[in-house]
Colleague: 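After the structure tokens below, expect a handful of questions from me.
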Amino acid sequence: MDATPDLSSFAPLVYAIVKQIPSGTVATYGQIASMIPPIDDDMDAGAYARLAPRWVGDVLNGISSIDEPSIPWHRVINSRGGISLPNESRAAALQRARLRHEGVEFDAHEQVNLNTYGWDGPPDEFLAHWGFMKPKSIKRPPPQGPQQMSLF
DNA sequence: CGTTTGACTACGC
DNA sequence: CGCGTAGCCAAAC
């Protein structure tokens with residue numbers, strides 16, 4: 001059997017998830033990758049966790065070239081909340097324009113506040129249907145009492 | 001068929 | 001808190 005460990009079996013899963021990202025929100029490569037369980041059983045879970053985000057990028061690179069309209073590839077950004085495409089890239093400008101058009105704002109550093117625009121992930125039904133795992137929420141729960149004032 | 005690069009991320013300074 | 005580096009694998013050259 002051709003156990004081709006290429007991305008052909010990985011790509012459809014990425015497509016399915018990216019399609020679920022609502023307009024006006026963004027998801028990170030790592031977040032999407034964390035939802036997809038390791039396909040290769042022999043692969044170490046830790047290794048997979050480090051590799052999968054890059055595979056997501058590779059997959060999206062394929063559809064951004066043809067600009068597949070059914071897949072909102074522009075809503076996927078890196079963990080820093082920035083666009084990973086080369087700044088001078090035509091696709092980067094397109095991605096940024098589309099996000100802004102959807103209401104996503106960029107700060108002075110040209111980065112998106114994931115706390116505000118970060119995606120919570122698809123519904124549980126969707127996850128169960130595909131056998132996906134619930135992603136680690138990219139929204140960082142604000143510490144309840146970060147600036148706990150020292151009474152004395 | 002060896003080398004290089006990459007839409008990544010975590011970690012260190 | 002921003003910038004540089006290491007790691008890891010697949011695809012492109």
Side-chain angles (χ1 to χ4, degrees), chain A residues 1-122 127 130 132-143 145-148:
Chain A
M1 288 71 81
D2 58 315
T4 51
D6 60 352
L7 302 181
S8 59
S9 59
F10 187 80
L13 307 179
V14 174
Y15 297 153
I17 295 176
V18 173
K19 285 181 180 176
Q20 295 296 312
I21 305 174
S23 173
T25 62
V26 293
T28 67
Y29 303 97
Q31 183 187 14
I32 294 174
S34 68
M35 297 172 52
I36 304 176
I39 299 174
D40 192 344
D41 298 333
D42 296 334
M43 179 172 289
D44 188 344
Y48 175 82
R50 291 187 294 271
L51 295 173
R54 222 168 205 177
W55 294 350
V56 173
D58 291 341
V59 169
L60 293 182
N61 187 31
I63 63 173
S64 65
S65 59
I66 63 176
D67 195 17
E68 173 57 46
S70 66
I71 301 174
W73 55 266
H74 59 275
R75 292 173 192 154
V76 184
I77 58 179
N78 60 35
S79 62
R80 300 173 303 191
I83 293 177
S84 291
L85 286 152
N87 221 355
E88 67 278 5
S89 167
R90 166 94 170 78
L94 180 61
Q95 181 175 18
R96 187 169 173 275
R98 283 183 177 172
L99 287 178
R100 289 191 59 184
H101 186 262
E102 295 181 353
V104 177
E105 297 179 356
F106 289 80
D107 62 8
H109 301 279
E110 295 186 2
Q111 291 184 346
V112 177
N113 188 334
L114 295 178
N115 261 339
T116 303
Y117 301 101
W119 185 35
D120 290 327
L127 295 176
W130 285 81
F132 290 150
M133 300 174 290
K134 191 151 190 167
K136 276 187 179 178
S137 181
I138 60 179
K139 290 185 178 180
R140 297 185 178 179
Q147 44 185 332
Q148 188 178 30

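The sequence lines fix the lettering, A, B, ..., with proteins before strands; numbering per chain opens at 1.
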Colleague: For A:S64, which contact category applies under a 4.0 Å heavy-atom criterion: base, sugar-phosphate, or nothing?
Modeller: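 Base contact.
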Colleague: Counting the atoms with a prime plus P, OP1 and OP2 as sugar-phosphate, which does A:V59 contact under 4.0 Å by heavy atoms, base, sugar-phosphate, or nothing?
Modeller: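 Here A:V59 touches no strand at all.
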Colleague: Provide, to the nearest angstrom, the distance between the CZ atom belonging to A:F10 and the P atom belonging to C:dA11.
Modeller: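 Whole-Å distance recorded here is 12 Å.
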Colleague: Would you say A:R75's side chain and A:I21's backbone share a donor-acceptor pair under 3.5 angstrom?
Modeller: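 Yes: the side chain of A:R75 pairs with the backbone of A:I21.
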Colleague: Donor-acceptor pair, distance only, cut-off 3.5 Å: does the side chain of A:E102 make one with the backbone of A:V104?
Modeller: no
Colleague: Can you check whether A:I83's main-chain N or O pairs, donor with acceptor, with A:Q111's side chain at less than 3.5 Å?
Modeller: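 A pair under 3.5 Å: no.
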Colleague: With heavy atoms of chain A within less than 4.0 Å as the criterion, where does contact along DNA chain B begin and end?
Modeller: B:dG6 to B:dT9
Colleague: Can you list, in residue-number order, the parts of residues 26-34 of chain A that come under 4.0 Å of DNA chain B, counting heavy atoms only?
Modeller: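 Within residues 26-34 of chain A, the residues near DNA chain B are A:Y29, A:G30.
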Colleague: Does the A:S64 side chain pair with the main chain of A:D67, one donor and one acceptor, at a distance under 3.5 Å?
Modeller: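 Answer holds: no.
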Colleague: Is there a donor-acceptor pair under 3.5 Å between the side chain of A:Q95 and the backbone N or O of A:V76?
Modeller: yes
Colleague: Rounded off to whole Å, could you give me the CD-to-C1' distance for the A:Q111 and C:dG2 pair?
Modeller: 10 Å
Colleague: Nearest 0.5 Å, what's the CD1-CD1 distance between A:I71 and A:I63?
Modeller: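 If we round to the nearest 0.5 Å, A:I71:CD1 and A:I63:CD1 are 4.0 Å apart.
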Colleague: How long is the straight-line distance from OG of A:S23 back to NE2 of A:H74, given to the nearest 0.5 Å?
Modeller: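 A:H74 NE2 to A:S23 OG: 6.5 Å, rounded to 0.5 Å.
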Colleague: Hey, could you give me the CD/CG distance between A:E105 and A:N113, rounded to the nearest 0.5 Å?
Modeller: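 The CG atom of A:N113 is 10.0 Å from CD of A:E105, to the nearest 0.5 Å.
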Colleague: Assess whether a salt bridge exists between A:E110 and A:R96, defined as any Lys/Arg side-chain N lying under 4.0 Å from an Asp/Glu carboxylate O.
Modeller: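 A salt bridge is absent here (no side-chain N lies under 4.0 Å from a carboxylate O).
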Colleague: Where do N or O atoms of nucleotides 5-8 of chain C meet protein N or O atoms at under 3.5 Å, pair by pair?
Modeller:
unit_1, atom_1, unit_2, atom_2, d
C:dC8, N3, A:R54, NH1, 3.2

Colleague: Decide side-chain contact (heavy atoms from CB on, under 4.5 Å) for A:R100 and A:F106; before the verdict, give the C-alpha distance in whole Å, the side-chain angles of both, and the deciding distance to 0.1 Å.
Modeller: CA-CA 8 Å; A:R100 289 191 59 184; A:F106 289 80; 3.7 Å; yes
Colleague: Rounded at 0.5 Å granularity, tell me how far CH2 in A:W55 sits from CG in A:L13.
Modeller: 11.5 Å
Colleague: Would you mind reading off the distance between A:W55 atom CH2 and C:dA12 atom C1', rounded to a whole angstrom?
Modeller: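 So the CH2-C1' distance, A:W55 to C:dA12, works out to 17 Å.
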Colleague: Over all strands shown, is A:N61 touching base, sugar-phosphate only, or nothing at heavy-atom distances under 4.0 angstrom?
Modeller: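 Answer is base: heavy atoms of A:N61 come under 4.0 Å of a base.
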